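Step one of this worksheet: look at the structure below.
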Amino acid sequence: MCTVCGCAAGETKIEGAVAGSTAAHEHAHRHADGSWHTHAHTHTDAHTDAHTHADGDEAAGHEHAHAHDDEAAHAAAHAAGIAHPHEHSHGARDENAHDHAHEHGHESHSSLDFGSGPAGAHAPGLTQAKMVQVEQDILAKNNAFADSNRRRFAGQGVFAINLVSSPGSGKTTLLVRTIETLKTRLALAVVEGDQQTSLDAQRIRATGVAAIQINTGKGCHLDAQMVGRACDRLPLADDSLLLIENVGNLVCPADFDLGEAHKVVVLSVTEGEDKPLKYPAMFRAARLMLVNKIDLLPYLNFDFEACLANARRVNPQVEVLPVSAVSGEGLEAWFSWLERGVGAAQAARGGLVQRLQQRIAELEAQLSAK
């Protein structure tokens with residue numbers, strides 16, 4: 001999963017602003033035997049230096065972890081004059097050493113399953129338990145931002161949709177076609193997510209609708225904090241539709257709540273009917289599956305019924321709409337789905353306002369009676 005694959009090392013930019021700039025520096029430490037080692041730290045702008053380094057004071061030290069070939073980790077407190085209870089090397093590895101696993105069974109020589117552990121993923125040097133802990137910590141922080149976004153959307157009556165797909169599914173073309181039709185019927189805004197460039201945001205702005213571009217650098221998905229910061233820069237109207245186009249990826253975006261009402265997965269008929277089985281987490285998380293590019297069906301060996309069965313196998317409740325962003329077939333059903341969502345968000349906001357007004361009236365009555 002992306003929380004352990006290193007994708008977060010890239011710079012995230014929202015309309016040219018660095019959202020998570022980093023600064024790297026090295027620390028040097030002397031061991032009891034007089035030898036030295038150095039290691040680098042990368043800190044974000046929000047980092048508070050928790051190390052206690054005194055200028056010229058060799059007694060100053062701090063704690064850091066070392067990874068060993070057996071994938072165990074320990075924390076060692078380094079201070080001048082204090083001997084380590086064991087010897088270790090930094091970055092060195094026996095060139096003759098290698099890791100290998102023996103598997104038994106009928107498929108032992110034809111397949112390897114690195115997703116069968118508790119973490120459902122594999123990363124060199126990390127145990128399954130550590131991966132689970134890292135993932136839980138990151139997702140918990142993301143969910144807090146998502147809850148904040150959700151409250152904001154509810155307070156404004158905004159119907160927020162998270163559009164997810166693999167690259168090349170046609171979701172940007174679908175988005176443009178959707179905006180061109182609905183911009184006279186609904187208030188609209190768009191958040192665009194890509195690793196680099198603002199090409200998609202430019203396509204959206206050409207329709208006359210406001211769009212904010214988020215570039216994730218090496219990141220393979222949007223997260224809730226990115227979306228919240230982007231919304232700060234958008235003219236997000238009350239009772240409106242917010243369309244969030246995620247980074248093209250059928251894996252990582254499934255795990256990250258953005259505060260949206262629903263995830264909508266776009267599957268192109270050119271990708272094959274087996275995608276829901278290959279990427280079940282994404283299709284399980286989606287409320288609606290749009291099967292796009294159906295105008296190409298006469299030229300492909302795509303089994304629509306098999307695709308539908310595969311999607312329902314991983315998510316029995318998923319709604320399915322066949323559409324073509326080019327020919328326009330099926331788009332009215334998609335537009336109606338969006339308009340119903342906006343209406344429901346607007347009604348919920350009206351109910352919230354009514355309850356708040358009622359509560360205010362009750363409090364004012366109580367104050368008048370005193």
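Keep in mind that this is a model prediction, so the values were computed, not measured.
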Is it possible for you to say whether [X] and [Y] belong to one hydrophobic cluster, with membership spreading through side-chain heavy-atom contacts below 4.5 Å?
X      : Y      : answer
Val326 : Leu175 : no
Val209 : Leu234 : no
Leu174 : Val265 : no
Ile204 : Val264 : yes
Trp334 : Phe304 : no

What closest approach, in Å, do [X] and [Y] show between heavy atoms, and which atom pair accounts for it?
X      : Y      : answer
Cys252 : His221 : CB-CD2, 3.7 Å
Phe256 : Leu222 : CB-O, 3.8 Å
Ala325 : Arg177 : O-NH1, 2.9 Å
Ala211 : Ala201 : CB-O, 4.2 Å
Leu242 : Cys231 : CD2-SG, 3.8 Å
Ala286 : Asn315 : O-ND2, 2.9 Å

Going by the rule side-chain hydrogen bond (donor to acceptor under 3.5 Å, both in side chains), which residues pair with [X] if we only count those two or more places apart in sequence or in a different chain?
X      : result
Arg287 : His262, Glu319
Ser240 : none
Asn310 : none
Asn143 : none

*Just do the side chain to side chain contact (heavy atoms under 4.5 Å, CB included) check on Val320 and Arg312 with the steps written out, would you?*
CA-CA 9 Å; Val320 180; Arg312 294 270 165 79; 4.0 Å; yes
Is the shortest side-chain heavy-atom distance between [X] and [Y] below 4.5 Å?
X      : Y      : result
Asn215 : Gln213 : yes
Leu267 : Met289 : yes
Ile14  : Ile212 : yes
Leu277 : Phe283 : no
Leu243 : Ile179 : yes
Val291 : Val323 : no

*More than 12 foreign heavy atoms under 6.0 Å from CZ of Arg185: is that the case here?*
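For Arg185, atom CZ is crowded (more than 12 foreign heavy atoms under 6.0 Å).
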_Assess the residue pair Leu288 and Leu290 against the criterion (side chain to side chain contact (heavy atoms under 4.5 Å, CB included)); give the C-alpha distance rounded to whole Å, side-chain angles, the decisive distance to 0.1 Å, and a yes or no._
CA-CA 6 Å; Leu288 174 67; Leu290 297 177; 3.8 Å; yes
Measure the spacing between [atom1] of [X] and [atom2] of [Y] and express it to the nearest 0.5 Å.
X      : Y      : atom1 : atom2 : result
Ile138 : Gln133 : CD1   : CD    : 10.5 Å
Asn142 : Asp255 : CG    : CG    : 10.0 Å
Phe145 : Asn149 : CZ    : CG    : 9.0 Å
Arg313 : Arg284 : CZ    : CZ    : 11.0 Å
Thr181 : Leu186 : OG1   : CG    : 11.0 Å
Glu329 : Leu321 : CD    : CG    : 12.0 Å

Report the residues that fulfil side chain to side chain contact (heavy atoms under 4.5 Å, CB included) with [X], sequence neighbours left out, ordered by chain and then residue number.
X      : result
Leu199 : Thr197, Gln202
Val132 : Pro118, Ala119, Gln136
Ala254 : Ala281, Met282

If you look only at distance, which donor and acceptor atoms sit under 3.5 Å apart when one is on a side chain in residues 294-303 and the other is two or more places apart or in another chain?
| from | atom 1 | to | atom 2 | distance (Å) |
| --- | --- | --- | --- | --- |
| Asp295 | OD1 | Ser324 | OG | 2.8 |
| Asp303 | OD1 | Glu305 | N | 3.2 |
| Asp303 | OD1 | Ala306 | N | 3.1 |

*asked:* The criterion is salt bridge (Lys or Arg N to Asp or Glu O under 4.0 Å); which residues satisfy it with Lys278, sequence neighbours excluded?
replied: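 Partners of Lys278 by the salt bridge (Lys or Arg N to Asp or Glu O under 4.0 Å) criterion, ordered by chain and then number, come out as Asp274.
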_Under 3.5 Å: donor-acceptor pair, side chain of Asn292, backbone of Val266_ = no
*Yes or no on side chain to side chain contact (heavy atoms under 4.5 Å, CB included) for Val190 and Leu188, after CA distance, side-chain angles and deciding distance?*
CA-CA 7 Å; Val190 177; Leu188 289 162; 5.7 Å; no
Could you list the donor-acceptor pairs under 3.5 angstrom formed between side-chain atoms of residues 153-169 and any protein atom two or more places apart in sequence or on another chain?
| from | atom 1 | to | atom 2 | distance (Å) |
| --- | --- | --- | --- | --- |
| Gln156 | NE2 | Leu236 | O | 2.8 |
| Gln156 | NE2 | Asp238 | OD1 | 3.2 |
| Asn162 | OD1 | Asn246 | ND2 | 3.2 |
| Asn162 | ND2 | Glu260 | OE2 | 3.4 |
| Ser165 | OG | Ser169 | OG | 2.6 |
| Ser165 | OG | Lys171 | NZ | 3.0 |
| Ser166 | OG | Glu271 | OE1 | 2.5 |
| Ser166 | OG | Glu271 | OE2 | 3.4 |

*Under the side chain to side chain contact (heavy atoms under 4.5 Å, CB included) rule, what do Leu182 and Glu339 come out as? Steps first, then yes or no, please.*
CA-CA 9 Å; Leu182 293 183; Glu339 288 177 313; 4.0 Å; yes
*Pairs satisfying salt bridge (charged side-chain N to carboxylate O under 4.0 Å, His left out), at least one member in residues 190-216, at least two apart*: Glu15-Arg205
_Within residues 137-154 or reaching into it, pairs that qualify as salt bridge (charged side-chain N to carboxylate O under 4.0 Å, His left out) - sequence neighbours excluded_ = Asp147-Arg150, Arg150-Asp257, Arg152-Asp232
